[in-house]
Amino acid sequence: MAEVILENVVKKFGEHTIVKNINLEVKDKEFAILVGPSGCGKTTTLRMIAGLEEITSGKIYIDGKVINNVLPKDRDIAMVFQNYALYPHMKVYDNMAFGLKIRGYSKFEIEQRVREASQILSIEHLLDRYPKELSGGQRQRVAVGRAIVRKPKVFLFDEPLSNLDAKLRVQMRAELKKIHEKLQTTIIYVTHDQVEGMTMGDKICVMKDGIIQQIDSPMKLYDTPKNKFVAGFIGSPPMNFVNVMVEKDNNDILVDEGTFKLKLPESFKPRLEKYVGKKVILGIRPENMYDKLFYSGTVKEGSVITLTVDLIEPMGSEIYLHLSSGKNNFVLRADPHNTAKPNQIIEIVVNLDKLHLFDIDTEETII
């Protein structure tokens, strides 16, 4: 069982605490993602698991054993770095074989493992080339292959796709997912790209300022974020946020943005009663707003708002409409055949059941 557990792990550099008392459990064969903005502590966390950084306090377990004082080479992990870290003077075969040679594996075993890994990654034809003769994607495959031949208990990936172009990143995401399914091993993967996390991970750990904000499956993070930060970090384009006043009109609960009001569903009432007369943060995802002219669903009472088109951003398969209420700005994800024009005033239908509301002081989720 290659389970990885972090228990109250803290990392300080001098007076600065970079990782703040985090607890994380990655189960055997799980593909776990550490995601968050630059400087949030995710790479430092990965390096502590690898043994490349000493932990200040807490415990790290691999396979049920505390490995705080175990040397990196004895932790039975393999790490793939952002910059590939290939030996430029060695051919691909020797790059992949090097770690096995210094561990004393037989020539036959090395040959077998390198050939097996190269077949999985479709790089058999590259084994006789030097790194300088490879493209970025090919170098990344070699770096992954060098990790695979080790057959470690745990794979650690530190932003391995960030140096690749957009098309190749998409391709490599699929490749890494396939490799995980083939090898059935434990992977911990660091990225600042939430799209990578959403498409690849079984479990995503969202970090900010050295603190874990939420650990959940991709869709639970998307549907039920625990706070405003997670809600805004997960999803592309990001969630729209505006400050609104909670009001009661007879038996209805409304939110007032200043230029429009939305009538909230009955199911929201119990959690909003104590916020009547107070400000909260309203969150609306771009995909939960619709140009009324192209909307074929049922339009609920109190779900239509009027906004002005500021900018149109064609994306090929869809269009992003940048809108303004005169007080706040919004992004709406529209059909590519949408005919809206800049400066046009249009009616927008909001999916009331998909609204998110956050406490204005704590930024914790209300709904």
Side-chain angles (χ1 to χ4, degrees), residues 8 10 15-24 34-42 192 194 197 204-216 219-289 302-303 305 307 323-332 350-367:
N8 302 317
V10 174
E15 297 298 312
H16 301 287
T17 305
I18 307 302
V19 174
K20 302 172 184 175
N21 202 51
I22 67 171
N23 291 279
L24 174 66
L34 303 183
V35 68
S38 297
C40 72
K42 56 190 185 297
H192 64 274
Q194 58 91 17
I204 303 179
C205 168
V206 182
M207 295 183 68
K208 178 192 176 190
D209 299 332
I211 299 170
I212 292 177
Q213 303 292 310
Q214 186 171 350
I215 302 171
D216 236 319
M219 288 316 298
K220 281 192 175 180
L221 284 174
Y222 176 85
D223 290 330
T224 55
K226 286 190 174 178
N227 56 40
K228 182 189 171 191
F229 176 80
V230 175
F233 194 83
I234 300 296
S236 181
M239 185 181 288
N240 299 294
F241 296 109
V242 297
N243 291 349
V244 294
M245 184 71 76
V246 180
E247 298 177 351
K248 198 163 188 179
D249 182 15
N250 294 323
N251 201 34
D252 296 326
I253 297 282
L254 311 173
V255 287
D256 184 354
E257 182 261 0
T259 66
F260 65 76
K261 294 184 181 184
L262 290 169
K263 180 182 173 183
L264 301 183
E266 285 285 323
S267 59
F268 287 21
K269 283 183 182 178
R271 280 174 283 178
L272 282 175
E273 286 287 354
K274 68 177 182 178
Y275 288 96
V276 173
K278 297 179 181 178
K279 283 190 175 181
V280 297
I281 301 167
L282 170 67
I284 312 173
R285 291 203 181 276
E287 51 270 35
N288 294 327
M289 304 172 72
S303 69
I305 62 178
L307 301 174
L323 309 165
S324 172
S325 67
K327 188 177 178 182
N328 291 290
N329 297 317
F330 300 83
V331 177
L332 179 154
V350 177
N351 186 338
L352 300 175
D353 294 314
K354 297 286 188 178
L355 294 179
H356 297 263
L357 293 162
F358 307 91
D359 187 287
I360 203 162
D361 295 318
T362 65
E363 297 191 350
E364 294 296 309
T365 298
I366 302 168
I367 290 172

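Atoms CG and CD1, from D209 and I18 in turn, are 10.0 Å apart once rounded to the nearest 0.5 Å. Atoms CG and NZ, from D216 and K226 in turn, are 6.5 Å apart once rounded to the nearest 0.5 Å. In this structure, CD1 on I204 lies 8.5 Å from CD on Q194, to the nearest 0.5 angstrom. Rounding to the nearest 0.5 Å places CG of L34 at 7.5 Å from CD1 of I212. The CG atom of L332 lies 8.5 Å from the CG atom of L307; values are rounded to the nearest 0.5 Å. Between the CG atom of N351 and the OG atom of S303 there is a distance of 8.5 Å, given to the nearest 0.5 Å.
Counting heavy atoms from C-beta on, the side chains of E363 and I281 come closer than 4.5 Å. Contact annotation: the side chain of L264 approaches that of L272 to within less than 4.5 Å [non-hydrogen atoms, C-beta and beyond]. Between N243 and L282, the closest side-chain pair of non-hydrogen atoms is not below 4.5 Å. The side-chain heavy atoms of M207 and Q213, taken from C-beta on, include no pair separated by under 4.5 Å. By the 4.5 Å heavy-atom criterion applied to side chains, I366 and V280 are counted as neighbours. Within the 4.5 Å cutoff, the side chain of V246 has heavy atoms near those of the I253 side chain. Under the 4.5 Å side-chain criterion, counting only non-hydrogen atoms from C-beta, I215 is in contact with L24. The shortest side-chain heavy-atom distance between D256 and V244 does not fall under the 4.5 Å cut-off.
In terms of modelled atom types and a separation under 3.5 Å, the side chain of T365 and the main chain of P225 share a donor-acceptor contact. A distance-only check finds a donor-acceptor pair linking the side chain of S324 to the backbone of G326 [under 3.5 Å]. The closest donor-acceptor contact from the side chain of D359 to the backbone of D361 lies under 3.5 Å. N240 places a side-chain N or O within 3.5 Å of a backbone atom of V331 that can act as its donor or acceptor partner. A donor-acceptor pair is defined here as one N or O able to donate and one able to accept, closer than 3.5 Å; no such pair exists between the side chain of N328 and the backbone of V242. Distance alone, capped at 3.5 Å, places no donor-acceptor pair between the N21 side chain and the V10 backbone. Not one N or O on the side chain of K42 forms a donor-acceptor pair closer than 3.5 Å with the backbone of V206. Formation of a donor-acceptor pair under 3.5 Å by the E247 side chain with backbone atoms of G277 is not found in this model.
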For this session: Just do the side chain to side chain contact (heavy atoms under 4.5 Å, CB included) check on N329 and L323 with the steps written out, would you?
Result: CA-CA 6 Å; N329 297 317; L323 309 165; over 6 Å; no
For this session: Would you check, one step at a time, whether the test side chain to side chain contact (heavy atoms under 4.5 Å, CB included) holds for V350 with N288?
Result: CA-CA 6 Å; V350 177; N288 294 327; over 6 Å; no
For this session: Report the C-alpha separation of K228 and E364 in whole Å, then their side-chain angles, then the decisive distance to 0.1 Å, and conclude whether the salt bridge (Lys or Arg N to Asp or Glu O under 4.0 Å) test is met.
Result: CA-CA 6 Å; K228 182 189 171 191; E364 294 296 309; over 6 Å; no
For this session: Show your working on side chain to side chain contact (heavy atoms under 4.5 Å, CB included) between Y275 and L357 and close with a plain yes or no.
Result: CA-CA 11 Å; Y275 288 96; L357 293 162; over 6 Å; no
For this session: Check the pair E287 / K354 against salt bridge (Lys or Arg N to Asp or Glu O under 4.0 Å), numbers first and verdict last.
Result: CA-CA 10 Å; E287 51 270 35; K354 297 286 188 178; over 6 Å; no
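Listed here is the closest heavy atom pair of D223 and H356: O-CE1, 3.3 Å. E257 and S325 get closest at one heavy-atom pair: OE2-OG, 2.7 Å.
Within 6.0 Å of atom NZ in K278, 12 or fewer heavy atoms from other residues, nucleotides or ligands are found, so the atom counts as exposed in its surroundings.
In this structure, K208 forms no cation-pi arrangement with F233, as its terminal cationic atom is not both closer than 6.0 Å to the ring centre and no more than 45° off the ring axis.
Ring orientation note: the planes of F358 and F241 are nearly perpendicular, at an angle over 60° on the 30°/60° scale.
At a cut-off of 3.5 Å, with distance as the only test, no side-chain donor of Q214 or N227 sits close to an acceptor on the other residue.
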